[in-house]
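One structure below.
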Amino acid sequence: MNILDKIIIDKKREVELKKSIIPVSQLEASVLFNSRTYSMSKLLRNSVSGIIAEHKRRSPSKLVINNNHSLEDVVLGYQNAGVCGISVLTDGKYFGGSLDDLLLAKASVNVPLLRKEFIVDEYQILEAKAHGADVILLIAAVLTREEIKQLSEFAQSLALEVLLEVHNLEELEKSIMPSLDMIGVNNRNLKTFEVSLDYSKQLAAKIPDEFVKVSESGISSVEAVKELQPFGYQGFLMGEHFMKTENPGLEAKRFITNLIF
């Protein structure tokens with residue numbers, strides 16, 4: 001059993017426990033549930049940088065990345081840097097995140113927020129909406145085509161955009177459907193944690209133009225972004241590169257400035 005399998009087993013148990021404690025009606029009664037959402041896909045289409053910056057404390061592959069900064073300081077720094085969106089890890093056991101992080105981010109900034117989570121149930125999409133998310137992530141590696149369809153259509157019914165993450169051609173081909181807004185290629189193999197930009201390059205031509213193309217993980221230089229732009233990528237999800245520095249927001253600003261100029 002690989003780490004992704006373990007995460008999904010734990011996640012399904014976690015969701016069932018949450019369902020037994022917090023009813024759907026409570027989530028739907030949230031102040032944020034009917035608030036307007038911001039479109040990340042539109043910002044990416046019109047951006048010259050396309051940077052989606054991530055708040056991530058730790059990961060299974062890197063253990064602790066950064067536990068020292070306040071979330072508010074990080075997301076405000078990202079907003080000031082001019083990012084197109086902010087990805088907020090909400091998994092607790094493996095990434096040290098929480099839904100409170102999403103809530104705090106919503107209270108702090110006015111840029112699109114992605115709930116970065118291993119979504120396996122509609123309940124988690126309701127949670128995302130109730131805590132201020134604008135976008136949800138669906139991971140093709142852990143979902144069937146029917147599940148992707150069901151979850152993405154449910155998200156769109158709540159005015160949430162959908163970023164669908166794939167890693168290979170098989171995952172991409174089973175996933176293409178109208179209820180997606182963005183398709184992301186994860187350059188990190190979630191089963192082995194091997195990283196290569198070749199994954200994004202190889203799949204680029206297979207992604208239909210109606211979806212915003214996003215390259216995820218393993219991007220740590222301006223050169224890498226410029227290398228991927230000719231393949232049609234308009235979004236670049238970066239987390240560890242910023243978070244491992246003393247000032248993630250300042251590093252994001254420096255990065256975007258160098259990318260644009």
Side-chain angles (χ1 to χ4, degrees), residues 1-15 39-41 44-45 52 60-61 85 87 89-91 94 114-129 133-219 228 231-237:
M1 184 184 296
N2 60 53
I3 186 65
L4 186 57
D5 294 331
K6 291 177 183 175
I7 290 173
I8 296 305
I9 289 170
D10 286 340
K11 191 58 59 179
K12 287 179 176 178
R13 287 177 185 154
E14 177 188 309
V15 171
S39 172
M40 185 183 290
S41 64
L44 291 174
R45 284 191 189 278
I52 305 165
S61 61
S87 170
L89 265 297
T90 60
D91 175 78
Y94 296 93
L114 164 69
R115 182 187 185 187
K116 187 83 173 288
E117 180 59 270
F118 298 87
I119 290 180
V120 293
D121 193 288
E122 287 183 0
Y123 183 84
Q124 294 164 287
I125 300 175
L126 291 168
E127 284 182 324
K129 180 69 172 174
D134 302 285
V135 187
I136 62 155
L137 177 74
L138 296 179
I139 301 173
V142 301
L143 300 167
T144 64
R145 177 175 174 81
E146 187 52 43
E147 287 169 335
I148 293 167
K149 184 175 187 293
Q150 173 198 338
L151 293 170
S152 59
E153 289 179 352
F154 185 66
Q156 290 203 327
S157 76
L158 297 176
L160 294 171
E161 289 192 329
V162 179
L163 170 61
L164 187 282
E165 176 181 300
V166 301
H167 181 67
N168 55 45
L169 185 58
E170 181 184 358
E171 291 174 5
L172 176 61
E173 288 178 338
K174 80 171 182 183
S175 305
I176 293 174
M177 58 188 71
S179 48
L180 308 176
D181 300 282
M182 297 160 277
I183 293 181
V185 179
N186 194 339
N187 298 307
R188 176 176 288 110
N189 186 321
L190 292 178
K191 296 177 180 178
T192 65
F193 288 101
E194 172 209 0
V195 178
S196 172
L197 296 183
D198 287 341
Y199 292 116
S200 283
K201 294 175 184 178
Q202 289 163 5
L203 291 181
K206 306 290 185 181
I207 302 173
D209 289 338
E210 61 258 39
F211 306 109
V212 175
K213 298 177 187 178
V214 179
S215 186
E216 308 171 18
S217 299
I219 300 168
L228 291 167
F231 289 86
Y233 286 95
Q234 294 175 294
F236 307 92
L237 199 158

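Heavy atoms only: backbone and side chains are in, while hydrogens, waters and symmetry mates are out.
- Distance alone, capped at 3.5 Å, is enough to place a donor-acceptor pair between the Q156 side chain and the S179 backbone.
- When all heavy atoms are compared, the tightest approach of A155 to I136 is CB-CD1, 3.6 Å.
- Taking CD of E14 as the start and OH of Y123 as the end, the distance is 10.0 Å to the nearest 0.5 Å.
- To the nearest 0.5 Å, atoms CD (E194) and CG (N187) are separated by 10.5 Å.
- Residues I3 and Y94 have side chains in contact (heavy-atom distance under 4.5 Å, counting atoms from C-beta outward).
- Using a 4.5 Å heavy-atom cutoff, the side chains of L163 and M40 are not in contact.
- In this structure, CG in L114 is found 7.0 Å from CD1 in I52, a value given to the nearest 0.5 Å.
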Candidate pair V166 and V185, rule side-chain contact (heavy atoms from CB on, under 4.5 Å), full reasoning | CA-CA 5 Å; V166 301; V185 179; 4.2 Å; yes

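- E173 and K206 are not joined by a salt bridge, as no carboxylate oxygen comes within less than 4.0 angstrom of a charged side-chain nitrogen.
- Remark: E127 engages K18, R115 in a salt bridge (charged side-chain N to carboxylate O under 4.0 Å, His left out) (not counting sequence neighbours).
- Here the closest non-hydrogen pair linking L197 and S217 is CD2-O, 4.5 Å.
- The distance from atom CD1 of I139 to atom CD1 of I8, rounded to the nearest 0.5 Å, is 6.5 Å.
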Worked check of side-chain contact (heavy atoms from CB on, under 4.5 Å) between R13 and D10 = CA-CA 5 Å; R13 287 177 185 154; D10 286 340; 3.6 Å; yes

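- No side-chain heavy atom of L164 sits under 4.5 Å from any side-chain heavy atom of S152.
- Distance alone, capped at 3.5 Å, places no donor-acceptor pair between the D91 side chain and the E117 backbone.
- A donor-acceptor pair under 3.5 Å links the side-chain atoms of K213 to the main chain of A204, judged by distance alone.
- Using a distance-only test at 3.5 Å, with no hydrogens or angles considered, a donor-acceptor pair links the side chain of Y233 to the main chain of S200.
- In terms of heavy atoms, F211 sits closest to L180 at CE2-O, 3.4 Å.
- Taking the side chain as every heavy atom from C-beta outward, L228 and F236 approach each other to under 4.5 Å.
- Scanning all heavy atoms of the two residues, the minimum distance from L160 to D181 falls at O-OD2, 4.4 Å.
- Contact record, L4 with F118: CD1-CE2, 3.8 Å, taken as the closest heavy-atom pair.
- Judged as a salt bridge (Lys or Arg N to Asp or Glu O under 4.0 Å), the pairs with a partner in residues 138-160 (not counting sequence neighbours) are, in order, K149-E153.
- In this structure, the separation between CG on L138 and CG on L151 is 5.5 Å, given to the nearest 0.5 Å.
- Residues Q124 and T90 have side chains not in contact (no heavy-atom distance under 4.5 Å, counting atoms from C-beta outward).
- Not a single ring pair (Phe, Tyr, Trp, His ring centres under 6.0 Å) links F231 to another residue, sequence neighbours left out.
- Between K174 and I148 the shortest side-chain heavy-atom distance falls below 4.5 Å.
- Between V120 and L143, the closest heavy-atom pair is CA-CD2, 4.3 Å.
- Using a distance-only test at 3.5 Å, with no hydrogens or angles considered, no donor-acceptor pair links the side chain of E161 to the main chain of D134.
- Rounding to the nearest 0.5 Å places CG of L237 at 7.5 Å from CD1 of I219.
- For N186 (side chain) and H167 (main-chain N/O), no donor-acceptor pair under 3.5 Å exists by modelled atom type.
- When the shell of 6.0 Å around CG of D209 is examined, it contains 12 or fewer heavy atoms from other residues, nucleotides or ligands.
- Checked by atom type and distance alone, the side chain of E216 never pairs as donor or acceptor with a backbone atom of E165 at under 3.5 Å.
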